[in-house]
Amino acid sequence: MNTAQPIAILRDHSSSVTSIDFHSSNLYICSGDESGRIVVWSLITRRPLLHWQAHQDAILTVKWIDANWLMTYARDAKLIVWTIDLSSLQIDAVAYNPPLQVKHLHCHSLTFCGADSLQYLVAAPSADAAFKLIILKPETKTITEIVPADKPGSLMCLKFGSPDRIAAGYENGQVTFYTTAGIALKTFHQHNAPVIHLSCGYADQRPVFVSVAADRYIVSYFHNQTTTKFNSKHSGTGCISMRYDTKLIVTSGWDGVLRMYKFDPQGVHRPLLSTKPGNSDGLSVVQFGPIEPSALTDHENSNLIVPTSVRLKVAKTQKCHFVAVGAKNGTIAMYNLY
Amino acid sequence: MSNKELFLSIKKLSVPLSELVLTTKDFSSSDQLATSLETYRDYLKSIPSSDQSVLDPKLGDYVFFPLSQILSRANTLKDTQIDLLLQCIDQIVLLFWRSHLTDDLASQLCFLIVNLIWNTTDVTTTKSESTILSAVTLLSDILTYSSSAIFNKSEGMMFHLIQSLLDTALYNTDVPLVRTSLSTVSVLLFNSISDSAYLAKTLPGVCSSIVKLVAMKQHYSSLVQALNIITKLSSNLFADDISPHWRSEDWLALNADQFRIAFGALNLRNLIESPRQEVRDAITDLAFTIIQECSNTLSSIVPGSVELILSASADKNMSPHSSLLSSLPLTSYAHFELAVQRNLSSFSATLSLKPGASKNSLLNILKNSSSIISASDNVLWSVHILQDVVKPLAAHLSANRGKLIVSSVVSNELEVMRKSFQVSMNERNTENTLFLDDIFGTEITSTLTTFFASLTPDLSKTLLQDILTDIDSYTSTEKALFLWVSSCLIENIASDIALSKYLMIDGDESTDSLVADYLDYSVGVLSHHDSVDFSYELYATALLIIRSISSLKGSEFKLDLLDCLYHVASGLASKSVIVRENAQYTIIDIARNCGFSSVYELLHQNSDYLLNSASICLNAVDLSPELFTTLKVLISIADSALLYTMSDVINTLLNILDSFHHYPQLTQGAVELLKCFVLEVVKIHEKSQMLAIDEAKETKSFKNFQDIRSKLLQLSSDPTPEKYSVDPSEPQNFPELFREIEARKRMEELEVPTGTEEVNREQDETAHVIEGKEEEPIYESEVPQNIYSLVKTIVLASQYHLTQSSSTVRGDLLTILKKGMPFMASNKKDILPLINVVFEDVIKKLDDPEQMIVCSALQVLQTLMVTGKDFMSSRIKVVWRSIRSRIPPHVLRRRGGIQSPEVIILEESLNTVASILISVPVDPELFDDILRTTVRYLPSHSYLREAFNDVNGNAVYLEYLRCDLSPLPAIPSSLTHHLVPPTL
């Protein structure tokens with residue numbers, strides 16, 4: 001079994017990291033922890049740029065909505081959208097001032113289900129097993145509230161595949177795909193334990209979902225029609241992430257091991273690598289970098305007069321195939337893999 | 001054709017020829033003889049020589065018969081007739097007699113020919129060149145097919161023949177004739193003379209003739225043959241490994257001197273520049289023969305010979321004969337060295353006149369010399385001569401840099417250096433010697449630096465690209481050399497960059513890419529220090545590259561330079577002097593060029609990067625002494641925020657302690673780091689308590705800076721001596737620089753918090769207000785709960801590993817317990833079970849064979865007493881016996897100088913007693929026992945006396961009285977009325 005060493009270990013959180021998201025430029029990431037703090041990191045310096053107490057309870061989701069808007073959702077029942085001017089942040093100093101709040105919504109958050117967004121469309125848990133679809137622009141309004149017809153138990157996770165496709169994982173192990181109009185397209189019941197996490201990639205510009213549960217299985221859903229089931233033989237997988245091109249997936253678990261699997265239309269294959277990033281009590285979250293790095297344009301500062309050396313550094317960073325792994329001890333291990 | 005048929009056909013010619021000879025009285029007037037001979041010769045030439053069974057020797061005799069008749073009257077023959085006659089005889093020799101030529105016949109034929117051709121004094125006018133050529137050809141064939149005993153009975157004739165042939169070669173201009181004569185001489189000398197004594201006698205004549213011949217002849221083939229004869233003569237007559245009877249000391253002295261004169265007269269130094277490769281090869285062969293075979297007998301010629309070889313090696317097409325030179329006898333090395341010097345100086349002198357050609361020649365010489373040097377087994381000599389090779393090279397390159405516009409030329413020079421370097425590296429067997437100065441010498445290194453630093457930026461860039469392209473194919477030592485060269489070259493492109501900055505334009509992007517590539521490569525070298533081809537030189541040169549880049553573009557490449565900070569910093573702890581030195585200079589340059597006011601500031605502000613790299617190394621089980629030392633420094637300079645994020649590192653260290661406890665060094669390193677961590681956390685905790693006091697006394701203006709300073713001074717007056725102790729005997733200990741950093745940090749601790757921190761704190765507080773919830777201000781020095789857990793884990797691990805065999809490790813573990821237990825006391829739930837666990841193992845250490853460990857155990861006990869208080873009451877009885885055994889009944893006096901271990905243990909025991917009395921309630925019996933045991937020390941130990949007094953002053957007074965000790969303490973008031981006699 002191959003192993004790998006992280007290229008950096010980001011340290012700033014004092015409690016378990018619960019959510020991570022990459023900025024579309026592949027130059028920043030944002031992370032949230034159990035104490036409600038949010039940190040925006042520079043991947044060039046691998047240091048925090050911005051650090052503030054965003055919520056009074058554990059963060060469930062951090063997600064970049066666009067280049068400047070950051071959505072955070074926590075167990076304090078608040079969904080806040082912040083606007084962050086990344087270009088104004090000092091590269092060699094940490095700012096502690098909270099950024100400006102542009103949206104502040106109250107949501108139901110009795111469970112540990114996180115929210116998700118696709119551009120300005122947000123899916124956030126509602127009462128019981130229901131969830132709301134909220135549009136943020138041009139004005140904030142709830143489009144619909146989706147309530148499952150059957151009683152699948154609590155809502156565990158949400159994941160957008162496309163503007164017209166969203167997957168919801170439930171406590172009874174089922175995954176249901178909905179349209180944004182609230183129509184249930186298909187329900188799969190492949191897990192026999194609560195669905196812990198969902199992820200999505202794009203094959204032939206069509207979404208492919210994967211899910212993990214407490215039952216050792218990784219289930220993949222091809223275009224909402226067929227499924228494959230893979231026994232990972234490791235229970236306690238807490239998070240899954242699929243690369244933009246659906247060729248790789250990574251999982252992290254409470255055993256503190258990061259596992260990477262090959263993925264193709266036949267489903268998940270045996271692990272390509274298995275590694276333990278640092279000495280932590282467990283891994284809480286894992287996330288692949290954004291879209292294909294080679295497809296990224298230059299940093300937004302490219303029009304400014306910046307030294308070539310800095311441009312080289314930016315370009316080098318943008319080309320990295322990052323995988324970020326958040327641990328329960330508050331560290332985030334950054335890998336550059338495949 | 002059968003034998004008979006051949007006979008019959010020859011008979012048809014020989015019978016008429018015989019009749020003609022017998023019937024003709026005067027051949028000079030007869031043309032028919034020439035015609036017949038010509039016919040006869042032509043027929044003989046037409047006979048194929050392939051079928052030897054047909055060519056019977058007796059048939060040859062038959063053929064020869066008419067010719068013998070003519071030969072007997074040869075004096076009357078004309079030149080053409082003689083010529084034809086000799087050609088006919090030659091054909092007979094070649095066809096019929098080649099394998100059956102008797103010595104007598106051969107000798108007679110030679111005699112006849114000599115008489116026929118060279119029987120007059122004036123040989124030049126007697127016979128035509130063609131006739132002489134035929135004669136010489138015939139002689140050559142005869143000598144070739146006859147045995148070596150041909151001249152045994154005719155020594156005089158042999159000398160005459162040799163001289164005649166040499167004269168022929170000397171005085172004739174026809175090239176084939178000269179060539180044939182010389183080849184015949186060669187055959188005669190080396191095939192036909194069986195006794196070398198005869199050969200020795202020919203030496204003067206032959207040498208004399210050949211010197212003349214070489215001086216007169218310009219045709220290369222003649223020169224080559226003449227030189228070959230000299231070569232063979234020297235080999236046959238002067239070889240070191242032969243000792244013929246005739247070679248007496250006198251002979252050798254006389255003839256070697258003559259040979260030297262002849263050698264000098266040959267003027268080979270001019271001939272070596274001949275355009276003909278054959279001539280140069282012949283000269284080189286002669287030189288090699290002398291060096292290899294006659295280095296003792298002809299020692300006076302060896303230097304000249306070596307010089308010839310080196311001169312010949314200026315030709316790039318010529319093989320350097322490295323394999324031959326590798327077998328040079330030891331005595332020749334000095335000559336070789338001398339020759340190299342002489343060549344280089346002569347070439348250097350002509351450089352200004354003919355820069356192009358001379359330069360190439362010089363380079364070829366150097367290159368070949370370098371090959372020769374590298375092929376030599378005598379490494380000591382190689383290194384020695386290297387100084388002579390590299391120094392002129394460097395001087396030359398430095399002087400002619402303006403003309404070096406083609407990078408390939410410089411590449412050649414680099415190649416020469418590489419070879420030289422490779423050789424000299426073989427000599428080095430110690431790792432801690434200095435790098436290039438040790439190899440090339442200070443002067444040469446300086447010259448090389450000057451040279452490389454003065455190449456044009458464009459050329460430098462090209463070279464840098466070339467080097468980077470090929471560098472993976474080099475060995476480790478070669479990589480080190482080329483990286484060193486690169487570090488010089490990188491400095492050159494500074495001018496481009498400086499111009500760009502002046503014009504406020506962005507510099508050439510390729511330059512930045514190149515610099516970035518070099519930086520990447522260097523960081524790669526530093527981070528793969530466990531690879532197979534790692535060497536300290538390579539590490540040092542990689543540091544050199546980083547240093548150059550930091551000087552060149554420090555501010556722009558700041559991020560990249562900070563990325564490699566860990567590797568540079570860990571270099572400070574390297575075992576190698578050269579790495580340490582380079583790391584020091586590099587880190588100073590990085591600090592200076594990246595905008596940090598000091599190295600401490602650089603390390604302190606970037607300790608997160610250091611921790612990042614160190615933790616990755618730890619995680620990869622890439623455990624080295626440098627890693628542990630760097631982490632130790634890192635922990636000592638890290639601020640509390642960073643310290644609190646080190647849980648993964650501490651957990652890894654604990655894992656190491658568990659997994660590698662059989663490896664003493666690893667265990668010691670891990671325990672030392674854990675100790676440092678605990679000490680730092682405790683220190684922060686103490687500071688936190690001090691600040692709390694400050695807050696409480698805010699109204700009394702206690703925040704006055706001087707007060708804080710004095711308070712902190714007081715705090716720092718009780719330092720943790722283990723942390724700052726430096727054992728210079730340990731190589732892995734802090735380098736000088738780190739000690740300075742330590743000192744600076746301690747000074748900084750005494751200063752007030754900076755404005756930035758206050759602003760941040762304010763901002764942080766503002767953030768809480770914005771969120772609408774007022775919180776207690778969080779001070780940086782407050783210790784989070786997870787750190788308590790971590791320290792607890794460390795304390796438990798320390799207690800578990802107290803059985804380690806290393807006394808240093810045991811001492812460190814006890815220090816962790818001593819400092820960690822009071823820290824843990826703030827958590828009331830945990831402390832008592834923890835004391836319960838630790839106590840059991842610590843009292844076992846009271847029986848440790850190492851007395852210093854016993855002392856440490858006593859100190860931990862004191863801590864446990866103070867921390868545990870009531871909880872320790874029942875446990876004192878267990879430990880008291882052990883303590884009592886360490887307090888002798890008679891008083892051990894302190895003496896000047898170093899205290900004995902017994903005294904130290906006694907003092908610690910008494911301290912423990914005081915701790916017990918102050919902190920733990922004891923029952924009266926135990927109190928009495930303690931008092932009786934220690935009463936003799938009460939007069940001299942006031943703290944102990946006070947401790948006793950606090951518990952029961954009366955008992956102390958009475959015990960004083962009982963033991964008749966003085967001075968008596970003041971009478972406790974409670975006892976006074978018992979002592980005053982009743983009023984009568």
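Heavy-atom basis, side chains included; hydrogens, waters and symmetry copies ignored. Numbers restart at 1 for each chain; the letters A, B, ... are given by sequence-line order, proteins then strands.
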Inset, instruction - Identify whether the distance between the nearest side-chain nitrogen and carboxylate oxygen of A/Lys328 and B/Asp648 falls below 4.0 Å. - result: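 Here A/Lys328 does not pair with B/Asp648 in a salt bridge, since their nearest N and O are not under 4.0 Å apart.
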
Legend entry - Salt-bridge criterion met for B/Asp608 and A/Arg46 (N-O under 4.0 Å):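 A salt bridge is absent here (no side-chain N lies under 4.0 Å from a carboxylate O).
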
Legend entry - Structural part of B/Asp517 lying under 4.5 Å from a heavy atom of chain A: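 Neither part; nothing is under 4.5 Å.
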
Legend entry - Side chain, backbone, both or neither of B/Leu611 within contact of chain A (heavy atoms, under 4.5 Å):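 Backbone plus side chain of B/Leu611, per the 4.5 Å heavy-atom cut-off to chain A.
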
Legend entry - From A/Arg47, A/Lys313, A/Lys316, residue fulfilling salt bridge (Lys or Arg N to Asp or Glu O under 4.0 Å) relative to B/Asp563: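 Single pass found, and it is A/Lys313.
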
Inset, instruction - Could you list the residues that satisfy ring-ring contact (aromatic ring centres under 6.0 Å, His included) with A/His51, not counting sequence neighbours? - result: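 A/His51 satisfies ring-ring contact (aromatic ring centres under 6.0 Å, His included) with A/Tyr96 once adjacent residues are dropped.
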
Legend entry - Set of ring-ring contact (aromatic ring centres under 6.0 Å, His included) partners for A/His104, sequence neighbours left out: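 Once residues adjacent in sequence are excluded, the partners of A/His104 under the ring-ring contact (aromatic ring centres under 6.0 Å, His included) criterion are A/His106.
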
Legend entry - Option among A/Ile9, A/Ile7, A/Thr331, A/Leu10 that satisfies the side-chain contact (heavy atoms from CB on, under 4.5 Å) test with B/Asn612: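 That would be A/Ile9.
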
Point-to-point distance, once rounded to the nearest 0.5 Å, from [atom1] of [X] to [atom2] of [Y]:
X	Y	atom1	atom2	result
B/Leu559	A/Thr317	CG	OG1	8.5 Å
B/Met646	A/Asn329	CE	CG	12.5 Å
A/Arg11	B/Ser615	CZ	OG	4.0 Å

Inset, instruction - Measure across A/Pro6 and B/Ile616 and return the closest heavy-atom pair with its distance rounded to 0.1 Å. - result: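 Distance-wise, the nearest heavy atoms are O-CD1, 3.2 Å.
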
Inset, instruction - With a 4.5 angstrom heavy-atom cut-off, could you sort out which part of A/Ser14 is near chain B: side chain, backbone, both or neither? - result: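 Just the backbone, heavy atoms under 4.5 Å.
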
